[in-house]
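To start, the structure itself, in structure tokens.
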Amino acid sequence: MNRSPFVIALTLSLGLLTSAAQAESSLAKTIRGVQPRIVKIFGAGGLRGLESYQSGFVISPEGHILTVWSYVLDSSVITIVANDGRRFTAELVGADPELEVAVLKVDADDLPFFNLDESVELTSGQRVLTFSNLYGIATGDEPASVLHGYITAITDLQGRRSAAEVRYKGPVYVVDAMTNNPGAAGGALTDQQGQIAGVLGKEIRNASNNVWLNYSIPIRELQNSVEDILSGRFRPRSRDENQNRPMQPITLAQLGLILLPDVLPKTPPFVERVAPESPAETAGLRPNDLVMFVERRLISSQRDLREELTFIDRDDPVRLTLLRGDELIEVTLNE
């Protein structure tokens with residue numbers, strides 16, 4: 001039986017519509033599967049136009065959350081809002097100043113999570129999805145924002161933030177989705193099937209042409225660092241009296257560092273003044289710098305800073321990572 005051209009065209013059109021509807025249904029299902037793993041993070045900020053929110057995603061059944069390190073986490077109270085609207089107070093487990101990532105933990109064992117061991121690697125031209133709390137739109141049980149795009153390039157990062165170049169120089173996924181916006185940092189990059197591939201980076205510009213970069217650091221670049229954080233490498237040193245300490249440890253006075261008055265149990269180690277002709281002045285420290293790490297160990301209070309210095313001999317160099325404005329800066333004193 002011969003079919004008329006009209007019937008053939010109608011059949012093809014219906015077939016295409018059916019395929020498009022199935023694809024859309026599949027994509028919607030993927031998005032619904034990913035969104036419960038995304039969290040909204042609220043912390044410090046609000047001054048000098050700095051936002052107080054960013055994004056993260058759950059990476060373990062015990063409630064560990066991967067995000068980027070930023071001033072948002074420089075807060076005594078970090079609040080996590082899950083996809084279903086539940087709110088948790090998060091503990092900062094640790095951070096890696098080189099990659100500028102951090103791991104938080106909340107007391108919850110029922111949150112859907114990404115298994116980083118099952119992350120996928122992407123190729124240029126591949127279609128991807130990004131999930132984040134873009135512009136802080138979601139504050140309760142609203143789902144994370146979703147953007148669709150492509151991997152436009154895989155290249156080593158040459159970015160800068162303000163006048164300083166970012167320290168991470170490794171490979172990144174450059175995406176055409178507009179992720180370089182407030183709140184997106186720390187969100188998830190997935191393939192079209194919702195498999196985790198990367199963490200969305202912070203707002204930076206390309207160091208060579210000054211244009212804003214939409215990028216994501218691949219999970220494979222972060223995995224060792226996350227494992228180090230979970231194992232304690234980037235944690236504050238536990239106060240073990242049996243650990244070896246030098247006979248003559250370095251002190252804040254010898255470095256020329258004068259901190260703000262220590263009036264609270266966890267007073268942040270902000271620099272108030274720098275002594276003239278001191279190692280701190282030579283290294284370029286400034287008032288209002290916040291000491292974040294000593295020799296890659298996380299410092300959360302003035303007490304932690306003084307404690308950590310007791311493990312360094314007075315003749316040895318002291319490597320500090322500082323938060324200056326919204327920039328992490330590494331300096332070495334006493335060289």
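The backbone N or O of Asp156 lies less than 3.5 Å from no partner atom in the side chain of Lys169, so there is not a single donor-acceptor pair. Side chain of Asp304 to backbone of Leu298: no donor-acceptor contact under 3.5 angstrom is found. For Lys202 (side chain) and Trp69 (main-chain N/O), a donor-acceptor pair under 3.5 Å exists by modelled atom type. Judged by distance alone, the side chain of Tyr173 and the main-chain N or O of Gly198 form no donor-acceptor pair under 3.5 Å. Checking side-chain atoms of Glu98 against main-chain N and O of Asp96 turns up no donor-acceptor pair under 3.5 Å. Judged by distance alone, the side chain of Gln126 and the main-chain N or O of Ile151 form no donor-acceptor pair under 3.5 Å. Looking only at distances, a side-chain donor or acceptor of Ser216 sits under 3.5 Å from a matching main-chain atom of Val199. Using a distance-only test at 3.5 Å, with no hydrogens or angles considered, no donor-acceptor pair links the side chain of Glu330 to the main chain of Thr321.
Scanning both residues, Asp176 and Gly149, for their nearest heavy atoms gives OD1-CA, 3.1 Å. The two atoms that bring Gln54 and Ser70 nearest to each other are OE1-OG, 2.5 Å, heavy atoms only. Contact detail for Tyr150 and Gly125: the closest heavy-atom pair is CD2-O, 3.3 Å. Closest approach of Pro143 and Asn83 over heavy atoms only: CA-OD1, 3.8 Å. The two residues Val172 and Tyr215 make their nearest non-hydrogen contact at CG1-CD1, 3.8 Å. Of all heavy-atom pairs between Thr30 and Gly194, the closest is CG2-N, 3.4 Å.
Put simply, Val318 and Ile329 are part of the same group of oily side chains (I, L, V, M, F, W, Y) that touch within less than 4.5 Å, one to the next. Under the 4.5 Å side-chain heavy-atom criterion for grouping Ile, Leu, Val, Met, Phe, Trp and Tyr, Val128 is not connected to Val174 through any hydrophobic cluster. Hydrophobic cluster membership differs between Leu157 and Leu122, with clusters built from Ile, Leu, Val, Met, Phe, Trp and Tyr side chains linked at under 4.5 angstrom. Note: the hydrophobic cluster containing Leu73 does not contain Val81 (ILVMFWY, side chain heavy atoms under 4.5 Å, direct or indirect links). A continuous path of ILVMFWY side-chain contacts below 4.5 Å connects Leu116 to Val68, so both sit in one hydrophobic cluster.
The one candidate from Ile59, Val103, Ile80 that meets the side-chain contact (heavy atoms from CB on, under 4.5 Å) condition with Ile65 is Ile80. Just one of Met292, Glu307, Glu308 meets the side-chain contact (heavy atoms from CB on, under 4.5 Å) condition when paired with Arg297; it is Glu308. When each of Val39, Leu66, Thr190 is checked for a side-chain contact (heavy atoms from CB on, under 4.5 Å) with Phe57, only Leu66 meets the rule.
By the 6.0 Å contact criterion, CG on Asp313 is enclosed, its count of non-hydrogen atoms from other residues, nucleotides or ligands being greater than 12.
In this structure the side chain of Gln254 never reaches within 4.5 angstrom of the side chain of Pro279, judged on heavy atoms. A 4.5 Å side-chain heavy-atom check between Thr155 and Pro171 finds every atom pair outside the cut-off. With a 4.5 Å cut-off on side-chain heavy atoms, Leu259 and Thr267 do not count as touching. Here the side chains of Leu134 and Leu147 are in contact, with some heavy-atom distance below 4.5 Å. Using a 4.5 Å heavy-atom cutoff, the side chains of Arg306 and Leu252 are in contact. Side-chain atoms of Leu99 and Leu222, non-hydrogen and from C-beta on, do get closer than 4.5 Å to each other. Taking 4.5 Å as the limit, every side-chain heavy atom of Arg286 sits out of range of all side-chain heavy atoms of Val271. Contact annotation: the side chain of Ile312 never approaches that of Asn334 to less than 4.5 Å [non-hydrogen atoms, C-beta and beyond].
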* Steps toward side-chain contact (heavy atoms from CB on, under 4.5 Å) verdict (Glu221, Tyr168) -> CA-CA 10 Å; Glu221 297 294 318; Tyr168 176 68; 3.4 Å; yes

* **Criterion side-chain contact (heavy atoms from CB on, under 4.5 Å) on Val291 and Leu322, from CA distance to verdict** => CA-CA 5 Å; Val291 180; Leu322 311 168; 3.9 Å; yes

* Criterion side-chain contact (heavy atoms from CB on, under 4.5 Å) on Leu189 and Leu200, from CA distance to verdict -> CA-CA 6 Å; Leu189 175 77; Leu200 300 179; 4.3 Å; yes

* To do: Would you sort out whether Val34 and Leu129 count as a side-chain contact (heavy atoms from CB on, under 4.5 Å), showing the intermediate values?
  => CA-CA 10 Å; Val34 170; Leu129 299 169; over 6 Å; no

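Residue Asp141 holds its CG atom at 7.0 Å from NZ of Lys40, rounded to the nearest 0.5 Å. Within the model, atoms CG of Leu257 and CD of Glu281 stand 11.5 Å from one another, a figure rounded to the nearest 0.5 Å. Note that CG of Leu309 and CD of Glu295 are 9.5 Å apart. Values are rounded to the nearest 0.5 Å. Atom CD1 of Ile78 sits about 13.0 Å away from atom CZ of Phe42, to the nearest 0.5 Å. The structure places CG of Leu285 at 6.5 Å from CG of Leu320, a figure rounded to the nearest 0.5 Å. One finds the OG1 atom of Thr251 at 11.0 Å from the CD atom of Gln248 (value rounded to the nearest 0.5 Å).
Applying the ring-ring contact (aromatic ring centres under 6.0 Å, His included) criterion to Tyr53, with sequence neighbours excluded, gives no partner residue.
With hydrogens and angles left out, the side-chain atoms of Ser55 and Asn133 include no donor and acceptor closer than 3.5 Å. Side-chain atoms of Gln223 and Asp117 include a donor-acceptor pair closer than 3.5 Å. A side-chain donor-acceptor contact under 3.5 Å links Arg245 and Thr310.
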Acceptor/donor pairs from residues 104-114 side chains to any protein atom, 3.5 angstrom cut, sequence neighbours excluded:
unit_1, atom_1, unit_2, atom_2, d
Lys105, NZ, Glu62, O, 2.9
Asp110, OD1, Arg86, NH1, 3.4
Asp110, OD1, Arg86, NH2, 3.3
Asp110, OD2, Arg86, NH1, 3.2
Asp110, OD2, Arg86, NH2, 3.4

